[in-house]
Amino acid sequence: MSSDDQPNGAEQLALIRETVRKARPPRAKPRTWRDAAMAEHLPVARVLVNKGVVHLDRTFDYAVPAELDAEARPGVRVRVRFGAGKGQVRGGRREGGGLVDGFLVERVATSDYQGPLAALAQVVSPEPVLSPALLTLARQVAERYAGSLADVLQLAVPPRHAKAEAAASPAPPPPPPAPEPGDWERYPQGPGFLAALARGESPRAVWTALPGPQWADELARAVAATLASGRGALVVLPDGRTTARLDAALTRLVGPGQHAVLTADAGPEQRYRSWLAVHRGAVRAAIGTRAAMFAPVRDLGLVALWEDGDSGHSEDHAPQPHAREVLVLRATREAGAEGPPAPAFLLGSVGCTVEAAQLVRGGWAHPLAAPRDTTRALAPRVRTIGDTEVARDPAARAARLPSLAWETAREGLRHGPVLVQVPRRGYAPRLACDRCREPARCRNCSGPLEAPDAERLTCGWCGRTETDWHCEACGGARLRARVVGARRTAEELGRAFPAVPVRTSGREQVLDTVPGGPALVVSTPGAEPVADGGYAAALLLDGWAQLARPDLRAEEEALRRWLGAAALVRGQGAGGTVVVVAEPTLRPVQALVRWDPVGHALRELEERAERHFPPVSRMAAVSGPPAAVSAFLAEAELPPEAEILGPVPLPVTPPGRPRRPGGPPPGEQWNRALVRVPLGGGTRLAQALKAARAARTARRGAGVEQVLVRIDPPDIG
DNA sequence: AGCACGCCGACT
DNA sequence: GTCGGCGTGCTC
């Protein structure tokens, strides 16, 4: 930074002071540093200013007062005066600009800034929360997602809590011994993977987990093996329930003192306390939900992710990074880069996302899967039944069960609990004619008709209520069965099986576990309780509803949800049976029957490659008022290989309906364009979009409407 | 985002 | 002359 012919920092500051004295009337001198002594060594602080909506992605230089010299170390939280007004006097004596929070990133000898430097107003706390490694990661994530560094830091560094900070952190416990392989023996490469972790190596694997509850213990062993090598470990899980299971397994294996649990529901104080324990190195392992993806684990030796297909891994705050992508960044170090060696990587899931398949296909990670016959023995028997079949038994008909499902439930209840998975209400796809399957459209605007409740029929675009629908194609008057919620399904099943207790688990009330006795357990996807000893059977109802969603990921998602439920059922050796009510010829249905999630993901990956869809390309969505989207695309200096799809109108949020994240405000017509580039051009695309948006933000106010930019949009149909 | 600066028209 | 409109640009 400094060159030989420049004055040293202290001299430069003195010069600046002189200049200012001459240039401005004495009363206008910024009060903060008038006559104040500055730090002698490295008197300039580079500060990353955290100013709300403003996207200031650069540091600003401040002078370090002598009395803050000791505390003003890189990484600490500071407060500085920031804002327009060149030191003008307001209210008699105040310096221009308000106090804003920031991070001190670096101490340097000189500043390139030509004007007078303001002084650091305050070192909020001496805790250097923004370590160089965390700053580097945050910069990478901001770059990957076309977001601002300030936004990412807000996700990566939890809010300070003074009481939690005041408490001293203990020294870390001695590392545990390397664990036995345990259930990893079921995978040919399992024990070797564990041994490599224990030796301090950094293997990368995509692990197709066998059905059953052992995954938590297996993840715990991977953590323990990494700890045994003297390194730290990080595991990100999709929700609090799975985090609690790993917490219990890890505590069983290595005791309570080796890891911290980072979850949002712990409350701000506990959350910051746990985060600090990780940051200070008082614990070497961290587990938790998506915010933990940034956890500043010391000497990171392993990053692991459980169930990367779960939507819980997608951060919903800007720039909406995905835990899998962030952990891939953490496990990747460019050749020749400085710093510690990259950690090992473990992505575990019962199913297989297209992105996970790509990590293997591209050679970045190795597959870690059980032999075919092991999988077959441990997975339940899966049978399919088309949804046109209707049961003979009147009780089954009343419960809308095909006879095979009815028989399976009756048989299963003799041996234990039976799980019934029903799609969430409101998850309903477009309604269709019951006779010819023509989608039901609004007579007003041709939008898709929806059934917000059992009584009404409304348009998903314009919100108009339809009272007398008839099929445009065949004149039919009946709509295809709308999705019935978990509660009503439970009532109907209760009448069909009067002697059996019925329990429900859904969004409002999620059951964690159920006992091993006969019971019907009705659950929405993702809320399935674990049954003691495993379910005897499972019925996966209304498969058509999961498959009919107009989304690129509908099939993958349906398979993931079915596998998630089926993995809680006893293996077919123990009589476990699953019935999926869906068209048997469909690909995800067949993948479930064969229990072949990887094959399904690979096939899907091939199709995405043919169609140049993610993850084989990198995509970004630009949405906003139509004129703004068009202008934005015209202004943006996109890379030459970029391809623009659309823009197309987005569905209008009907008045009174809550606004979807990233969607238009109620009643407003928005457009959305997709921009895609071949893999490898992602960084250039993100840079171009970020620059274009920054330019637009600068012109805001003058009637320049803003657009939303989202990298890796989750819903592309 | 704020907030000041600046360059044009109507007023005391 | 000078007050103030908001369009433009900067914030260490």
Side-chain angles (χ1 to χ4, degrees), chain A residues 1-2 6-21 23-25 27-34 36 38-39 42-66 68-69 72 74 76-124 130 147-151 153-154 317-318 635 690-708:
Chain A
M1 261 297 139
S2 65
Q6 277 186 321
N8 72 35
E11 282 168 3
Q12 186 189 40
L13 283 170
L15 281 174
I16 291 165
R17 269 202 294 276
E18 285 311 308
T19 320
V20 171
R21 283 222 175 90
R24 302 187 181 284
R27 275 172 54 90
K29 267 186 300 185
R31 190 166 204 261
T32 339
W33 51 270
R34 177 175 50 185
M38 293 297 140
L42 302 179
V44 176
R46 297 243 147 97
V47 175
L48 206 57
V49 178
N50 235 347
K51 192 151 189 284
V53 199
V54 196
H55 297 150
L56 295 164
D57 257 11
R58 31 176 290 240
T59 58
F60 289 84
D61 291 350
Y62 285 83
V64 180
L68 295 181
D69 185 24
V76 299
R77 298 181 212 253
V78 294
R79 279 161 79 70
V80 293
R81 296 224 170 261
F82 187 85
K86 295 174 183 171
Q88 84 286 3
V89 177
R90 285 189 295 144
R93 45 186 55 107
R94 257 187 59 204
E95 187 183 341
L99 275 177
V100 296
D101 292 316
F103 294 101
L104 197 164
V105 164
E106 199 182 6
R107 288 276 299 266
V108 290
T110 60
S111 170
D112 291 339
Y113 185 60
Q114 304 295 31
L117 293 186
L120 290 181
Q122 187 191 350
V123 172
V124 175
L130 185 58
S148 75
L149 186 55
D151 280 348
L153 286 177
Q154 205 147 355
H317 293 107
E635 294 157 13
K690 189 172 168 177
R693 200 175 43 166
R696 229 177 149 72
T697 306
R699 285 181 291 140
R700 87 161 56 239
V704 176
E705 293 177 299
Q706 302 300 301
V707 297
L708 290 177

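Remember, it's a predicted structure, so these values are computed and weren't measured experimentally. Chain letters run A, B, ... following the sequence lines, proteins first and then strands; every chain starts at 1.
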What's the CZ-C1' distance between A/F60 and C/dC12, to the nearest Å?
7 Å
In whole angstroms, the gap separating P of C/dT11 from CZ of A/R58 amounts to 7 Å
I'd like to check A/V108 versus A/R46 (side-chain heavy atoms, cut-off strictly below 4.5 Å). Are they in contact?
yes
Rounding to a whole Å, what distance do you find between A/L99:CG and B/dC3:P?
14 Å
With the criterion set at under 5.5 Å between ring centres and under 30 degrees between planes, would C/dC12 be stacked on A/Y113?
yes
Residues passing the side-chain contact (heavy atoms from CB on, under 4.5 Å) test with A/D69, sequence neighbours excluded, are A/A39, A/R107
Interatomic distance, A/L48 CG vs C/dT11 P [rounded to whole Å]
16 Å
Report the distance from atom CZ of A/F82 to atom C1' of C/dG9, rounded to the nearest whole Å.
13 Å
Distance check needed: C/dT11 C1' versus A/N50 CG, whole Å only.
15 Å
With A/D101 as reference, evaluate A/R79, A/R77, A/R81 under the salt bridge (charged side-chain N to carboxylate O under 4.0 Å, His left out) test and give the passing residue.
A/R79
Report the residues that fulfil side-chain contact (heavy atoms from CB on, under 4.5 Å) with A/A692, sequence neighbours left out, ordered by chain and then residue number.
A/F632, A/A636
Measure OH/A/Y62 against P/C/dT11 and give the value in whole Å, please.
10 Å
Please state how far atom CG in A/D112 lies from atom P in C/dT11, giving the value in whole angstrom units.
14 Å
